[in-house]
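The model shown is predicted, which means the values in this text are computed figures rather than measured ones.
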Amino acid sequence: MVRKGWSFWQGYVVLLALAVVVKAESPYRFFDWNVTYGDIFPLGVRQQGILINGQFPGPDIYSVTNDNLIINVQNNLDEPFLLSWNGLQQRRNSYEDGVYGTTCPIPPGKNFTYILQVKDQIGSFFYFPSLAFHKAAGGFGGIRVLSRPRIPVPFPDPAGDFTLLIGDWFKNDHRQLKAMLDGGHKLPFPDGILINGHGLNGASFTVEQGKTYRFRISNVGLQNSLNFRIQGHKMKLVEVEGTHTVQTIYESLDVHVGQSYSVLVTMDQAAQDFYIVASTRFTDNILSTTATLHYSNSNKAVSGPIPAGPTDQIDWSLNQARSIR
């Protein structure tokens, strides 16, 4: 019904505008990635790594639930390349998932445009190369899917949001590691653990005293479960791979290969620097690495022994997994 005093064309314009609003698509986000080889030094020695836009690890994807992601990937390696989107639901487009057999690899010198929609997913994920053991050379990165403004999440907005990609790492070239597996042999013991592509004390996160921050932790490694902890701070688990959880407090978390967790951490300690630790689980030799949690008003560097975590207690890990609801 047209409002009294309006012309026919005024009413038509209003109805047309409403139709456009109703049929409006979700926002689009465009990414243009160039995949190349490059020198990296995660454990202090030169290695050939796989870079995305010159970065190791690759760039984070920032998005909002229901966004359409248009990711154009140019493969400048000398071999086929394929990306997988760990944890993202592919609805009626499984061919975009990046698993060999459902998605064709990108030939050398060619490109492919992934078209994904992060539909109704709010949480923490990551992407990684799924072909030819490329993951052992890099090519991985974090994915954050945020809530739309009108959709509440069960905790206040944090003061900051950090991605932490943890994982075991080898000094061997990825081709050598692939040849070991193809020959029927197990992988050797890793040479180290990385946090965001850095070895011991290589990464740092700056926070303000008294504020609460979100840490998105993903195990992007090849074979080892890792225990994650922050010296002097407790972690409130709030999300696991797109699902909000009962908010339980942990002093440390076992993060198995492929898993992603979100925790809230309140900076409630005296102004100084603290260790962030990732260490192997269920191994005879315990490998550990550290990053630094830096209070912005700190004048005291991190010091003292690295806080100990669980080592080979299987029951401990199982009980923790059962506690996540």
Side-chain angles (χ1 to χ4, degrees), residues 26-27 29 60-67 69 85-89 117-126 141-166 195-196 203-220 226-256 258-271 274-278 291-297 307 309 317 319-325:
S26 297
R29 295 179 187 264
D60 270 8
I61 292 178
Y62 298 88
S63 60
V64 176
T65 182
N66 286 17
D67 280 356
L69 308 182
W85 317 94
N86 193 64
L88 288 184
Q89 298 176 17
Q117 188 180 32
V118 285
K119 179 72 172 175
D120 299 328
Q121 291 183 272
I122 304 169
S124 310
F125 311 91
F126 67 92
I143 302 174
R144 304 182 192 181
V145 183
L146 304 177
S147 170
R148 286 178 289 176
R150 292 184 178 180
I151 300 178
V153 295
F155 50 85
D157 288 339
D161 196 328
F162 299 109
T163 294
L164 288 92
L165 304 176
I166 62 176
I195 298 178
N196 286 0
S204 181
F205 304 87
T206 299
V207 296
E208 293 186 28
Q209 191 176 29
K211 294 186 176 181
T212 297
Y213 292 80
R214 182 173 185 167
F215 290 81
R216 302 172 186 263
I217 310 153
S218 296
N219 186 338
V220 297
L226 301 176
N227 183 263
F228 180 87
R229 51 202 182 272
I230 302 176
Q231 182 184 25
H233 295 75
K234 296 186 184 301
M235 301 179 290
K236 180 187 292 185
L237 183 68
V238 294
E239 175 256 331
V240 177
E241 295 163 9
T243 299
H244 292 120
T245 65
V246 173
Q247 296 181 10
T248 306
I249 303 296
Y250 297 95
E251 293 186 356
S252 71
L253 274 172
D254 274 359
V255 189
H256 306 291
Q259 288 187 327
S260 296
Y261 291 151
S262 273
V263 298
L264 297 179
V265 183
T266 299
M267 305 305 146
D268 53 5
Q269 301 299 305
F274 297 88
Y275 286 117
I276 297 174
V277 187
T292 301
L293 181 71
H294 171 67
Y295 277 40
S296 60
N297 58 341
S317 188
N319 289 334
Q320 182 178 87
R322 293 189 185 103
S323 71
I324 297 173
R325 305 293 185 186

Please work out whether the ring planes of H244 and F155 are parallel, tilted or perpendicular, with thresholds of 30° and 60°.
-> perpendicular

So, N227 versus S252: side-chain donor-acceptor pair below 3.5 Å or not?
-> yes

Side-chain heavy-atom pair Y275, I230 within 4.5 angstrom cut-off | no

Quick one: pull up CG in L165 and CG in N219 and give me the separation to the nearest 0.5 Å.
-> 10.0 Å

Has the side chain of R150 got a donor or acceptor atom that lies under 3.5 Å from a matching backbone atom of S147?
-> no

Pair S317-D254, side chain to side chain donor-acceptor pair (under 3.5 Å): steps then yes or no = CA-CA 7 Å; S317 188; D254 274 359; 2.8 Å; yes

Under-4.0 Å salt bridge between R229 and E251 = no

pair H233-M267: side-chain heavy atoms closer than 4.5 Å | yes

When you look at V207 and L293, which way does the side-chain contact (heavy atoms from CB on, under 4.5 Å) test go after all the steps?
-> CA-CA 7 Å; V207 296; L293 181 71; 3.9 Å; yes

Point-to-point distance, once rounded to the nearest 0.5 Å, from OG1 of T243 to CD1 of I324 = 11.5 Å

After noting the C-alpha distance and the side-chain angles of D161 and L146, does the key distance pass the side-chain contact (heavy atoms from CB on, under 4.5 Å) rule?
-> CA-CA 11 Å; D161 196 328; L146 304 177; 4.3 Å; yes

pair V277-F228: side-chain heavy atoms closer than 4.5 Å = no

For residues Y295 and D268, report the shortest heavy-atom separation together with the two atoms involved.
-> OH-N, 3.4 Å

From CA spacing to verdict: side chain to side chain donor-acceptor pair (under 3.5 Å), S260, S218 | CA-CA 4 Å; S260 296; S218 296; 2.7 Å; yes

Can you tell me if T248 and S323 form a side-chain donor-acceptor pair at under 3.5 Å?
-> no

Residues that Y250 engages under ring-ring contact (aromatic ring centres under 6.0 Å, His included), provided they are two or more places apart = none

Between V145 and V64 the two heavy atoms that sit nearest each other are CG1-C, 4.1 Å

R216 side chain to S124 side chain, donor-acceptor N/O pair below 3.5 angstrom = yes

Residue pair V238, V263: steps toward the side-chain contact (heavy atoms from CB on, under 4.5 Å) verdict | CA-CA 6 Å; V238 294; V263 298; over 6 Å; no

Is the shortest heavy-atom distance from the side chain of V265 to the side chain of F205 under 4.5 Å?
-> no

Can you measure from OH (Y62) to CG (D67) and round to the nearest 0.5 angstrom?
-> 14.5 Å

Taking side chain as C-beta onward, heavy atoms only, is N66 less than 4.5 Å from R148?
-> yes

Determine whether F215 and T163 make a side-chain contact, defined as any pair of heavy atoms from C-beta on separated by less than 4.5 Å.
-> no

Rounded to the nearest 0.5 Å, what's the gap from CG on L88 to CD1 on I61? Could you check?
-> 7.5 Å

Quick one: closest heavy-atom pair of Y213 and E208, and the distance?
-> OH-N, 2.8 Å

Closest non-hydrogen atom pair, Q121 against G87 = NE2-O, 3.3 Å

Evaluate the side-chain proximity of Q259 to E241: yes if any heavy-atom separation is below 4.5 Å, no if none is.
-> yes

Do R29 and S63 have side-chain N/O donor and acceptor atoms under 3.5 Å apart?
-> no

Minimal non-hydrogen separation, V118 against L69, with atom names | CG1-CD1, 4.0 Å

dist K236:NZ -> S262:OG (nearest 0.5 Å) comes out at 13.5 Å

Checking side-chain contact (heavy atoms from CB on, under 4.5 Å) for the pair F126/N86: CA distance, chi angles, key distance, verdict?
-> CA-CA 5 Å; F126 67 92; N86 193 64; 3.1 Å; yes

Pair T266-T212, side chain to side chain donor-acceptor pair (under 3.5 Å): steps then yes or no = CA-CA 4 Å; T266 299; T212 297; 2.8 Å; yes

Compare every heavy atom of E239 with every heavy atom of G123, then report the nearest pair and how far apart it is.
-> CA-OE2, 3.2 Å

Which distance, rounded to the nearest 0.5 Å, do you find between the CD1 of I143 and the CG of D60?
-> 9.0 Å

Taking the side chain as every heavy atom from C-beta outward, state whether P154 and Q247 have any atom pair closer than 4.5 Å.
-> yes

